[in-house]
4 protein chains.
Amino acid sequence: MERERTIKEYLDKIEKGEMKPYELEKQIDSNLATEIRRRYIEDKTGIKLENVGKWTLDFNKIINKNAENTIGIVQIPIGYIMIKVDGDYAKGDFPVFLATTEGKLIAGINRGASALNNSFGVKTKIIKSGMTRSIILEFNSLDDMQKIIDYINSDEGFSFLKEKFKESSKRLNLKDIEIYTDGHYLFIRYTAETAAAMGMNMITIASNYATNKLIDKLKEKGIEVEFISESGNLCADKKPSAINLIEGRGISIVASAVVKKDILEKYFKANAKEIEKLNYAKNYIGSSIAGSLAHNAHIANVLSAIFIAYGQDVAQIVDSSIGIDDVRAIDNGDLFISVYLPSLEIGTYGGGTSIETAKELLKATGVYGEGDELGITKYKFAEIIASAVLAGELNLLAAEASKELASSHASLKRY
Amino acid sequence: MERERTIKEYLDKIEKGEMKPYELEKQIDSNLATEIRRRYIEDKTGIKLENVGKWTLDFNKIINKNAENTIGIVQIPIGYIMIKVDGDYAKGDFPVFLATTEGKLIAGINRGASALNNSFGVKTKIIKSGMTRSIILEFNSLDDMQKIIDYINSDEGFSFLKEKFKESSKRLNLKDIEIYTDGHYLFIRYTAETAAAMGMNMITIASNYATNKLIDKLKEKGIEVEFISESGNLCADKKPSAINLIEGRGISIVASAVVKKDILEKYFKANAKEIEKLNYAKNYIGSSIAGSLAHNAHIANVLSAIFIAYGQDVAQIVDSSIGIDDVRAIDNGDLFISVYLPSLEIGTYGGGTSIETAKELLKATGVYGEGDELGITKYKFAEIIASAVLAGELNLLAAEASKELASSHASLKRY
Amino acid sequence: MERERTIKEYLDKIEKGEMKPYELEKQIDSNLATEIRRRYIEDKTGIKLENVGKWTLDFNKIINKNAENTIGIVQIPIGYIMIKVDGDYAKGDFPVFLATTEGKLIAGINRGASALNNSFGVKTKIIKSGMTRSIILEFNSLDDMQKIIDYINSDEGFSFLKEKFKESSKRLNLKDIEIYTDGHYLFIRYTAETAAAMGMNMITIASNYATNKLIDKLKEKGIEVEFISESGNLCADKKPSAINLIEGRGISIVASAVVKKDILEKYFKANAKEIEKLNYAKNYIGSSIAGSLAHNAHIANVLSAIFIAYGQDVAQIVDSSIGIDDVRAIDNGDLFISVYLPSLEIGTYGGGTSIETAKELLKATGVYGEGDELGITKYKFAEIIASAVLAGELNLLAAEASKELASSHASLKRY
Amino acid sequence: MERERTIKEYLDKIEKGEMKPYELEKQIDSNLATEIRRRYIEDKTGIKLENVGKWTLDFNKIINKNAENTIGIVQIPIGYIMIKVDGDYAKGDFPVFLATTEGKLIAGINRGASALNNSFGVKTKIIKSGMTRSIILEFNSLDDMQKIIDYINSDEGFSFLKEKFKESSKRLNLKDIEIYTDGHYLFIRYTAETAAAMGMNMITIASNYATNKLIDKLKEKGIEVEFISESGNLCADKKPSAINLIEGRGISIVASAVVKKDILEKYFKANAKEIEKLNYAKNYIGSSIAGSLAHNAHIANVLSAIFIAYGQDVAQIVDSSIGIDDVRAIDNGDLFISVYLPSLEIGTYGGGTSIETAKELLKATGVYGEGDELGITKYKFAEIIASAVLAGELNLLAAEASKELASSHASLKRY
């Protein structure tokens with residue numbers, strides 16, 4: 001009653017223009033504010049938002065941290081698969097939760113995983129790790145530019161910036177700095193370890209802080225520069241860029257497996273040579289003619305389902321899904337398959353992982369990162385994800401390869 | 001009681017290995033099956049999945065259509081913004097719902113939208129439309145290859161395939177066929193209108209069907225080919241590929257706007273020249289050195305929030321987020337800004353749009369596509385999305401540009 | 001005597017600043033002018049240009065048409081190979097002349113060609129043909145943009161432009177028009193057949209002419225546009241661009257061959273499986289990680305030697321060398337190899353082909369294009385070039401593959 | 001007489017199949033052999049190769065070092081321009097020689113150079129230097145892979161390889177090693193300083209040598225690997241690849257200049273704002289839609305003319321011509337222009353520089369590299385080349401921008 005009266009009162013204020021919907025939190029609890037905004041939208045559009053309006057999250061923990069001007073929640077179905085991983089951080093069988101609305105996706109990954117689990121599981125190896133942020137400076141002359149580069153590349157300069165990163169956040173460990181220039185602007189690409197977090201916020205704050213200190217330091221040396229942007233697209237965040245493929249971003253990881261001949265037959269009615277050929281025609285020739293940065297079947301599908309489930313930054317599947325499949329038939333009829341993910345951008349703490357559903361799933365997989373200063377849970381999570389990706393790739397390649405047989409009885413010969 | 005007993009009974013069967021979790025639906029309702037699997041995971045992991053376990057969706061409508069082996073749902077907060085669109089299909093003010101866990105994203109897009117709404121709103125124009133699928137054939141000789149190409153490019157060949165597409169689905173209208181070859185494989189890239197649906201399933205079935213008929217037809221002409229794959233990565237689905245940038249996929253659309261000088265000052269404390277310069281340094285020079293297919297600030301952020309909210313195929317933000325910003329300061333101090341989205345892959349019916357929360361939001365925005373054989377709702381949705389993307393780009397570019405001033409008082413001169 | 005006196009006289013004038021070196025042709029013959037400039041450089045630098053100064057060309061035919069401010073010639077050694085071609089235009093054995101300074105290049109291509117000739121020769125097929133030029137317009141509004149696109153895409157619009165191309169040059173046949181826009185600028189990409197010529201000059205003049213007429217026509221319709229540039233980088237000329245890979249430019253051609261098992265052994269001490277594997281590791285995996293538009297071994301080497309010899313536009317090897325190798329071991333031990341050249345930009349008449357050495361070599365190969373209105377010699381030349389490219393690729397891949405054996409006796413097994 | 005008799009005698013042997021043309025050097029002088037082969041081709045084709053047959057080079061110095069199976073020479077006209085350079089190695093006015101058959105190219109670069117020279121000349125700065133070669137290894141397991149990476153990245157491993165490079169050639173200084181893997185193959189990308197030489201041969205021999213020693217060393221540690229290829233396309237040599245754009249190859253250099261307002265008017269009838277706009281529309285928007293690695297007007301034209309003249313490896317213009325233009329109008333009406341060349345692959349000694357014409361021109365420009373162990377002449381040459389490239393870009397952009405005015409009197413306004 002009381003609650004309903006309050007809602008009507010605020011709806012009235014909004015209607016009269018005395019208040020903007022996003023200002024409700026100034027006076028009331030976020031859960032109530034969210035409900036009022038939902039009702040406002042319902043009134044305006046004449047559409048009932050019943051399912052959107054049923055949530056168990058506490059919006060007081062969400063507002064400004066994860067979302068604003070909220071009206072409710074999206075519900076996305078979660079399924080799961082089990083995967084056997086033999087990595088440096090993840091060892092054993094793990095449930096992987098997948099949130100998706102694409103029918104057969106979970107079933108397919110599950111089949112791929114079963115084929116892997118019933119062969120030898122998946123081996124993984126992390127090649128590199130470090131989140132990146134690039135900033136832009138404008139300088140006055142090429143001579144100044146040279147001095148700036150020399151300073152940053154000097155032991156003194158690197159130590160200075162490493163220290164500034166540490167001042168910005170104790171969990172940040174600056175590992176590398178790369179400098180790019182076109183003769184007009186200077187781009188500094190910082191790479192840092194970010195503990196269990198994916199780390200974009202952390203590194204953005206730190207690179208701003210450190211860059212401003214660098215600018216002061218340069219001014220002392222008589223060099224004036226202008227701070228053009230805190231993000232120069234050489235990061236490169238959420239954009240498909242060769243720099244992430246080549247230099248890596250987040251975690252660079254490989255996963256590989258051997259799948260037994262009889263398993264291929266049983267699960268996919270396919271044999272190794274056909275899958276090898278399909279990978280060649282599709283991921284090599286097809287992707288190459290397409291001018292693609294990605295030589296794989298559907299890594300983005302697997303990652304998007306994982307990212308949504310576990311509260312990852314979903315826009316980062318753009319970079320994270322760049323990957324290369326390698327498939328070779330072995331003489332004994334088994335199949336070798338590997339996948340390379342150069343820029344898997346994930347975290348087990350912070351950001352969307354604080355949403356209750358995500359937190360529950362991270363815990364259930366054994367990778368929730370609270371208190372993990374070394375990032376061990378993140379590496380473990382990366383190994384599990386890469387293994388699930390391999391399962392997804394195996395399944396789709398094998399499925400497409402076996403279709404080949406069904407649809408064609410041609411006995412082809414060349415010339 | 002009864003329900004709890006049933007749950008225990010099945011948990012017991014699963015535990016004993018008499019049944020696999022995904023087989024539950026063979027005997028019981030999906031909502032119950034989902035609950036049992038959730039409980040099974042809780043038992044196995046020792047983690048309570050309380051929030052994951054609270055849903056209003058009906059899993060009987062979801063299983064096999066949107067997800068399998070389900071255990072519950074992910075909840076993702078939804079906020080909204082209002083945007084003023086002046087397109088050919090969308091005219092007026094529209095709510096755009098955004099599901100995200102990235103703090104300040106909705107607030108930022110909202111600010112960008114307000115700046116646009118308080119200037120002249122957003123103009124949009126659809127350049128092209130058509131979903132694509134590419135298949136792979138293997139041929140016996142270059143002479144055969146020539147004959148196949150000639151046939152497909154002939155009026156007869158095109159009509160034949162167009163007819164086969166129509167046979168596969170009345171809602172499909174084959175518009176274009178492009179052929180690629182490396183001298184070993186032949187790739188056929190079909191482009192078709194798919195009504196209100198995004199259309200991947202539809203076109204995959206149709207291209208399989210039509211290709212098999214084509215193979216029969218070729219056999220009649222004495223040409224044998226092998227059907228290597230139903231997807232040749234020249235589609236290109238969910239991979240960042242130049243072919244989508246150049247040829248387009250889904251909907252190719254531009255949105256542009258002029259933002260008033262005083263609005264720039266009021267909302268962003270920025271002026272047009274600074275924003276122009278920032279766009280130049282970041283989206284031109286930065287993206288170019290990065291070897292990027294995307295010359296924009298963060299289109300992927302806006303699209304991922306929209307795609308999750310409205311039940312779109314989230315993995316498709318990989319392609320859909322490829323886009324180019326164009327920003328020019330006008331002499332009177334106003335700002336011109338436009339964005340080009342060559343491959344916006346969306347639908348207003350089918351796939352994830354049948355999830356109740358998505359359906360409610362589509363309806364609230366006025367773009368739910370049931371019964372829309374012409375795809376009008378899809379075009380309208382595209383115009384609204386492109387406008388929201390423009391709002392997001394404006395906001396981030398303006399924010400980064402104004403930061404420039406705050407952080408640097410340098411009076412730079414060149415030489 | 002007399003000549004020497006004249007030379008001294010002009011050198012004196014130049015020295016005194018009464019005349020600029022490039023103005024000599026206003027008063028004297030180009031051969032003499034070239035000699036005077038050479039002497040001038042010798043005097044200035046103190047370096048004797050003896051070899052540069054020995055030529056048989058007639059500079060009167062060269063000045064302004066091929067070069068300006070000339071001082072002599074570069075001499076580049078020419079070697080040759082013989083290649084057996086089974087194309088639609090070239091049938092038989094052809095000498096291919098190669099001008100290079102890279103040792104072993106000719107010998108290597110020669111070995112590759114011998115292996116092909118002693119197997120079955122090379123099959124070729126032209127997929128597409130047409131030179132392209134893109135221009136840039138700026139428009140006032142998206143509505144205007146739409147009208148422009150509609151007009152150009154209409155039968156009337158296309159006919160109008162086709163006619164204008166024909167008015168510009170009888171040898172030009174406009175085949176296709178593609179339109180691109182970012183919402184601010186409009187790019188029109190014209191594709192036309194250009195007879196025996198490579199055609200850049202011809203199409204540039206025509207696209208300027210036709211575009212200006214189009215602008216007039218649009219003005220009649222009340223649409224004002226600005227002509228921003230006669231080249232919009234979507235051509236794309238002399239820049240490595242995906243658009244040429246995907247849409248083609250100049251001649252798009254494939255060449256393929258089967259190489260016999262014993263020939264592989266005899267010429268390269270290699271077998272088919274090793275070469276297949278090398279191609280896979282290098283041209284698929286290596287090129288993909290490199291973010292490369294080119295999946296081949298060294299097409300640029302072969303093309304640069306051919307382009308220099310035959311008076312082609314050498315800067316166009318940048319686009320022409322984009323190509324994809326496809327290599328498969330056949331069950332009987334033979335090797336299938338093909339190469340795809342999407343944008344081979346060549347001519348047999350005009351431009352550098354008028355240089356006497358080039359003309360002689362074109363004639364010796366049987367492809368000099370004077371009077372060839374249909375471009376037959378150009379197609380023939382393309383088939384011969386593609387065959388030589390295949391020889392070069394075969395040789396290098398086989399050489400690298402056999403090296404593998406020499407350097408490693410490891411008996412590797414996976415896992 | 002005698003000579004003519006010898007020629008006839010050998011022609012007869014070749015005709016009878018007693019000898020292959022390329023075997024002539026086994027018995028006779030290369031100049032004579034070249035003449036005989038030329039005559040042989042004349043006989044076979046019925047075409048007189050008169051100009052091809054006039055040379056001053058000594059083929060005895062060329063055979064096997066620069067060319068094989070020779071028949072004569074190509075003559076290519078050389079022109080020159082003068083450029084004022086203010087670099088770290090090149091200071092003053094330098095003649096740049098250009099060998100081309102493209103009319104107006106030299107004249108255009110000359111105009112650009114004059115505009116620069118009459119403003120403030122060109123400033124240059126070398127950012128990086130080092131030739132690269134990548135090799136491919138195949139390993140047995142991801143654990144082995146990890147051990148190999150760890151060893152190479154260790155101080156011991158790097159020192160070992162650096163030493164092996166030094167053993168291979170005293171002039172080689174290994175600077176950096178980057179490792180890439182897809183989970184199946186391991187790519188090692190070596191970067192080394194190569195003194196005055198461009199260095200491909202040197203580094204290929206060294207990377208082969210060092211890699212074989214590495215393999216032995218790994219075997220001692222119980223790790224077996226297979227040496228798959230001496231070039232893994234991550235070098236990347238003569239292929240347009242993002243890795244060279246991002247990591248650099250050869251010399252990474254920037255050149256920039258300010259061009260005075262009145263000079264722009266005088267030389268190009270253009271103003272700074274128009275040129276800025278043209279660069280934006282063409283090199284940013286156009287190149288971006290084209291999916292291009294090169295954001296410039298025609299760097300390849302300038303480089304190809306320079307490479308041919310100076311005996312550089314012409315196929316390397318494919319990589320060397322990747323570059324980015326930056327153009328900004330300054331408030332006072334002057335123009336700022338810069339160009340970034342990330343992978344300029346040149347040498348002043350070795351390879352084609354030993355051809356007499358090239359040697360003469362290198363000397364005349366003051367950059368012949370004999371005895372230059374530090375590579376000073378190469379750096380100087382790079383600065384001069386980058387300056388000439390800037391002249392070429394300035395000229396073409398200004399020319400296209402001013403054309404805009406001529407062709408259109410439209411008074412455009414946005415909206």
Side-chain angles (χ1 to χ4, degrees), chain C residues 45 47 49 51-52 54 56 62 65-70 73-77 79 99 101 103 106-107 136 182 185 224 226-229 232-234 236 238-243 281-282 285-287 290-294 300-301 304 314-315 318 352 356-357 360 363-364 400 407-408 410 412, chain D residues 45 47 49 51-52 54 56 62 65-70 73-77 79 99 101 103 106-107 136 182 185 224 226-229 232-234 236 238-243 281-282 285-287 290-294 300-301 304 314-315 318 352 356-357 360 363-364 400 407-408 410 412:
Chain C
T45 63
I47 302 297
L49 302 175
N51 294 280
V52 162
K54 297 282 163 38
T56 63
I62 285 170
K65 209 170 137 246
N66 298 110
E68 299 82 34
N69 212 24
T70 48
I73 55 126
V74 166
Q75 297 181 41
I76 301 179
T101 61
I106 298 166
I136 314 179
D182 75 328
Y185 297 105
E224 295 223 323
E226 198 177 344
F227 195 169
I228 297 295
S229 174
N233 282 15
L234 279 156
K238 302 170 183 173
K239 265 89 67 184
S241 304
I243 199 168
K282 174 192 180 79
I285 304 299
S287 279
S292 184
L293 286 168
N301 269 335
S304 61
V314 177
V318 173
E356 290 304 327
T357 51
E360 288 171 1
K363 285 178 179 170
E400 289 184 8
S407 59
S408 164
L412 292 183
Chain D
T45 62
I47 303 295
L49 302 174
N51 294 280
V52 162
K54 296 283 163 37
T56 62
I62 285 171
K65 210 172 136 244
N66 298 110
E68 300 83 33
N69 212 24
T70 48
I73 55 126
V74 167
Q75 296 180 42
I76 300 179
T101 62
I106 298 166
I136 314 178
D182 74 329
Y185 297 104
E224 295 224 323
E226 198 176 344
F227 195 170
I228 297 296
S229 175
N233 282 15
L234 279 156
K238 301 170 182 174
K239 266 88 70 181
S241 303
I243 199 168
K282 173 193 182 79
I285 306 299
S287 279
S292 184
L293 285 168
N301 268 335
S304 61
V314 177
V318 173
E356 290 303 329
T357 51
E360 288 170 1
K363 285 178 180 169
E400 288 186 8
S407 59
S408 163
L412 292 183

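Keep in mind that what you see is a predicted model, and the values were worked out from it rather than measured. Chain A is the first sequence line, chain B the second, and so forth, proteins listed ahead of strands; every chain is numbered from 1.
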Of Asp182(D), Val52(D), Thr45(D), the largest count of non-hydrogen pairs under 4.5 angstrom with chain C goes to Val52(D)

If you tally heavy-atom pairs under 4.5 Å against chain C, which of Ser304(D), Gly291(D), Ala290(D) wins? Ala290(D)

Looking at CD1 of Ile228(C) and NZ of Lys282(D), how far apart are the two atoms once the value is rounded to the nearest 0.5 Å? 12.5 Å

Out of curiosity, Ile106(D) CD1 to Asn69(C) CG, how far, rounded to the nearest 0.5 Å? 7.5 Å

Heavy-atom closest pair, residues [X] and [Y]:
X         : Y         : result
Ser287(C) : Asn233(D) : OG-ND2, 2.9 Å
Leu234(D) : Gly286(C) : CG-O, 3.7 Å
Val74(C)  : Ala99(D)  : CG2-CB, 3.8 Å
Ala315(C) : Asn301(D) : CB-OD1, 3.4 Å

Side chain, backbone, both or neither of [X] within contact of chain D (heavy atoms, under 4.5 Å):
X         : result
Leu293(C) : both
Lys238(C) : both
Ala364(C) : both

Mind checking what makes side-chain contact (heavy atoms from CB on, under 4.5 Å) contact with Ala236(D), not counting sequence neighbours? Ser241(D), Ile243(D), Asn244(D)

State which residues pass side-chain contact (heavy atoms from CB on, under 4.5 Å) with Thr101(D); sequence neighbours excluded, sorted by chain then number. Asn66(C), Ile355(C), Ile76(D), Pro77(D)

Do the side chain of [X] and the main chain of [Y] share a donor and acceptor less than 3.5 angstrom apart?
X         : Y         : value
Glu68(D)  : Ala107(C) : yes
Ser292(D) : Pro240(C) : yes
Gln75(C)  : Thr357(D) : no

Under 4.5 Å to a heavy atom of chain C? For Ile62(D) that would be side chain

Heavy-atom distance under 4.5 Å to chain C: side chain of Ile136(D), backbone, both or neither? side chain

Will you find, in the side chains of Glu400(C) and Ser229(D), an N or O donor that is under 3.5 Å from an N or O acceptor? yes

